[in-house]
Amino acid sequence: MPDVHALPAPIVPHDWSSVDTSIDGEAPEWLSESQFDRYTETVRNLLAAAGMEVEDPDPRDPAHIEASSPRNGFKAEIDIHEDRTAEWIITGFDETPEGTRALALASLIVRLLNVETDV
């Protein structure tokens with residue numbers, strides 16, 4: 001009989017269960033401003049529940065979200081569109097430490113870019 005190994009820690013933080021994601025069950029309505037506002041608010045709440053520092057929404061552009069990790073200096077700027085598509089930019093800390101090994105730098109970049117996008 002094969003050994004049974006413990007399952008790895010879940011990728012999705014447990015705190016996400018406290019966020020109302022019922023908006024995901026609704027078909028997008030192009031002209032529904034209230035639905036779009038609830039959608040962007042849900043994304044903000046999920047990021048905050050995952051431990052990200054989320055900037056307060058700009059009343060002039062509530063679909064623009066800025067979130068950063070308090071652990072590593074990475075920041076995401078997200079622009080959500082009414083059809084629930086999004087564009088984003090991820091930036092890192094200013095520079096890697098002096099003497100960073102090539103393997104460490106390449107490993108960091110691969111982990112960032114090798115994320116499953118089929119959510």
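Nothing fancy with the numbering, it's 1 onward along the sequence. Everything quoted here is computed from the prediction, not taken from an experiment.
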Practice problem: Could you name each residue pair satisfying salt bridge (charged side-chain N to carboxylate O under 4.0 Å, His left out) that touches residues 41-56, not counting sequence neighbours? | Solution: none
Quiz item: Is T91 close to F74 at the side-chain level, that is, under 4.5 Å between some pair of heavy atoms?
Solution: no
Quiz item: I65 versus L47: any side-chain heavy-atom pair under 4.5 Å?
Solution: yes
Quiz item: If you measure from NZ on K75 to OG on S69, what distance do you get to the nearest 0.5 Å?
Solution: 13.0 Å
Exercise. Please report the closest heavy-atom contact between A67 and V54, naming both atoms and the distance.
Key: CB-CG2, 4.2 Å
Quiz prompt | Non-neighbouring partners of R60 that pass salt bridge (charged side-chain N to carboxylate O under 4.0 Å, His left out), sequence neighbours left out | solution = D58
Quiz item: Would you say the side-chain atoms of Q35 pair up with the backbone N or O of A27, donor to acceptor, closer than 3.5 Å?
Solution: yes
Practice problem: Drop me the distance from T40's OG1 to I23's CD1, to the nearest 0.5 angstrom. | Solution: 9.0 Å
Quiz item: Which distance, rounded to the nearest 0.5 Å, do you find between the CG of D37 and the OG1 of T42?
Solution: 10.5 Å
Quiz item: From T85 OG1 over to D79 CG, what is the distance, rounded to the nearest 0.5 angstrom?
Solution: 10.0 Å
Practice problem: Work out which heavy atom in G51 is nearest to a heavy atom in P70; give both atom names and the distance. | Solution: O-CD, 3.4 Å
Quiz item: Do S34 and R38 have a side chain donor and acceptor closer than 3.5 Å?
Solution: no
Quiz prompt | side chain to side chain contact (heavy atoms under 4.5 Å, CB included) between Y39 and R84, intermediate numbers included | solution = CA-CA 8 Å; Y39 181 80; R84 297 187 186 181; 3.5 Å; yes
